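Here is the structure we will look at, set down as structure tokens.
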Number of protein chains: 2
Amino acid sequence: MKTSDLYTRQADLIKALAHPTRIRIVELLRRGERCVCEIYENLELEQSNVSQHLSLMKKQGILDWRKEGLRVMYRVKYPQVFAILDLAREMLRAEIHSTLGVLNEKTAE
Amino acid sequence: MKTSDLYTRQADLIKALAHPTRIRIVELLRRGERCVCEIYENLELEQSNVSQHLSLMKKQGILDWRKEGLRVMYRVKYPQVFAILDLAREMLRAEIHSTLGVLNEKTAE
DNA sequence: ACAATATATTAGTATATAATAATGTAATAA
DNA sequence: TTATTACATTATTATATACTAATATATTGT
């Protein structure tokens, strides 16, 4: 039996959020649960591609799903997921501002 | 010019934390700044390997550094980095508990 | 100027990830 | 029972990532 260590599990969980498409999916799900078709239509992606990304996140335990007739409805299981995306955005903004800051210094007075 | 879009930048930033070795490095830096040699000795990794991971995180803007003689001291630039690791650990614990929960139900009474 | 030390960079290779296309499966409708 | 719809899975291929080993660079001490 090969139980991956905690750092690896933690990394895999974070990795589940480390893709632009998966971030877009999660942001869509922030507004509530959605079926697969809504997701790929909304984001203009291939059904298969979306399905694979969903299954990856499901595997990492951050998504829940339920069948509703033909549809499969997905939702984000932990609010921490949104919190992580928000924190990343904060840092991104800070980074962008600090590089812009350098530009401003150069063009100032 | 190929300016990567915001979701890609956000994903790259998160990806910088999505590796067991980089998580271990950041956890070490949680206790304060460290030189490269302290890091690779402490974590029993190759200097070159650590250097590459550091440079990746530096590139994503989450690490700061300063030269001190021969040494280069690294530190984490944003507390958000630690917050993200903490949130991921929370979810990991919840996941582990919920799977253990299933086991308990099976062995109960 | 030369040696030693700390770190960075590069090249090479193995492995992982992602996208597309094709096929499979399960639920409902006719 | 057959067709249709929604989704999942698999195979293939391209690209990205990570590790090791080797080499380069920069700083300090002699």
Side-chain angles (χ1 to χ4, degrees), chain A residues 2 4-5 7-26 28-29 32-76, chain B residues 2 4-5 7-26 28-29 32-76:
Chain A
K2 182 169 176 296
S4 25
D5 79 310
Y7 288 118
T8 301
R9 297 257 264 127
Q10 193 178 2
D12 286 342
L13 210 160
I14 294 171
K15 206 183 300 176
L17 295 173
H19 190 285
T21 299
R22 292 196 289 270
I23 293 175
R24 294 211 297 147
I25 291 173
V26 168
L28 181 58
L29 293 179
E33 67 174 6
R34 293 283 186 278
C35 67
V36 180
C37 58
E38 283 175 300
I39 297 171
Y40 74 76
E41 282 164 11
N42 229 289
L43 305 182
E44 302 187 78
L45 296 167
E46 300 226 352
Q47 175 268 318
S48 165
N49 192 8
V50 166
S51 224
Q52 287 175 66
H53 283 300
L54 288 171
S55 117
L56 189 154
M57 291 191 278
K58 192 171 58 178
K59 187 182 173 190
Q60 289 309 318
I62 66 183
L63 295 187
D64 252 349
W65 55 280
R66 64 187 180 86
K67 295 211 76 164
E68 177 157 309
L70 266 182
R71 309 283 174 83
V72 179
M73 308 297 289
Y74 280 89
R75 66 181 191 83
V76 173
Chain B
K2 181 171 174 295
S4 22
D5 80 310
Y7 288 118
T8 301
R9 300 256 266 128
Q10 193 179 4
D12 286 343
L13 210 159
I14 294 172
K15 206 185 299 179
L17 295 174
H19 190 284
T21 299
R22 293 196 287 271
I23 293 176
R24 294 211 297 146
I25 291 173
V26 168
L28 181 57
L29 294 179
E33 68 173 6
R34 293 282 186 281
C35 67
V36 181
C37 56
E38 283 176 299
I39 297 170
Y40 73 77
E41 283 163 11
N42 230 288
L43 305 182
E44 303 187 77
L45 296 167
E46 302 225 351
Q47 175 268 320
S48 165
N49 192 7
V50 166
S51 223
Q52 288 175 64
H53 283 301
L54 288 170
S55 117
L56 188 154
M57 290 191 278
K58 192 172 58 182
K59 187 182 173 193
Q60 289 309 318
I62 65 182
L63 295 187
D64 252 350
W65 57 280
R66 65 187 180 86
K67 296 211 75 168
E68 177 155 307
L70 267 181
R71 310 284 175 82
V72 178
M73 309 297 290
Y74 280 91
R75 66 183 191 82
V76 173

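Scope of the values below: all heavy atoms of this structure, side chains included, with no hydrogens, waters or symmetry mates. All chains are named by letter (A, B, ...) in the order of the sequence lines, taking the proteins before the strands, and each is independently numbered beginning at 1. A quick note: this is a predicted structure, and the numbers were derived from the prediction, not measured.
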Tell me which donor-acceptor pairs under 3.5 Å the side chains of residues 43-57 of chain B have, and how far apart each pair is, sequence neighbours excluded?
| residue | atom | partner | partner atom | Å |
| --- | --- | --- | --- | --- |
| Ser48(B) | OG | Gln52(B) | NE2 | 3.1 |
| Asn49(B) | OD1 | His53(B) | NE2 | 3.3 |
| Gln52(B) | NE2 | Ser48(B) | O | 3.4 |
| His53(B) | ND1 | Arg22(B) | NH1 | 3.1 |

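Residue pairs satisfying the salt bridge (charged side-chain N to carboxylate O under 4.0 Å, His left out) criterion with at least one member in residues 54-65 of chain B, sequence neighbours excluded, are listed as follows: Asp64(B)-Arg75(B). Applying the salt bridge (charged side-chain N to carboxylate O under 4.0 Å, His left out) rule to pairs touching residues 12-21 of chain B yields Asp12(B)-Lys15(B), sequence neighbours excluded. Identified under the ring pair (Phe, Tyr, Trp, His ring centres under 6.0 Å) test for residues 33-52 of chain B, with sequence neighbours left out: none.
Between Leu43(A) atom CG and dA18(C) atom P the separation is 16 Å, expressed in whole Å. For the pair Glu46(A) CD and dT23(C) P, the interatomic distance rounds to 15 Å; values are reported in whole Å. To the nearest angstrom, P of dT17(D) lies 16 Å from CG of Asp12(A). Rounded to whole Å, atom P of dC19(D) lies 11 Å from atom CG of Leu56(B).
For Glu68(A) and Thr21(A), each mapped to the nucleotide of DNA chain C holding its nearest heavy atom, the one lying further toward the 5' end belongs to Thr21(A).
The two atoms that bring Leu13(A) and Gln60(A) nearest to each other are N-OE1, 3.8 Å, heavy atoms only. Closest of all the heavy-atom pairs between Tyr74(A) and Leu29(A) is O-CD2, 3.5 Å. Scanning both residues, Ile14(A) and Ile23(B), for their nearest heavy atoms gives CD1-CD1, 4.2 Å.
Contact annotation: His53(A) side-chain N/O to dT17(C) OP1/OP2 distance is not under 4.0 Å. Between dT17(D) and His19(A), no contact under 4.0 Å exists linking OP1 or OP2 to a side-chain N or O.
Listed by chain and number, the residues in a side chain to side chain contact (heavy atoms under 4.5 Å, CB included) with Glu68(A) are Arg66(A), Met73(A) (sequence neighbours excluded).
Inter-axis angle, ends of the helix from dA1(C)-dT30(D) to dA30(C)-dT1(D), five pairs per end, rounded to 10 degrees: 20°.
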Annotated protein contacts, base or backbone, on nucleotides 1-16 of chain C with a non-hydrogen cut-off under 4.0 Å, one of B, S, - each = ----BSBBBB------
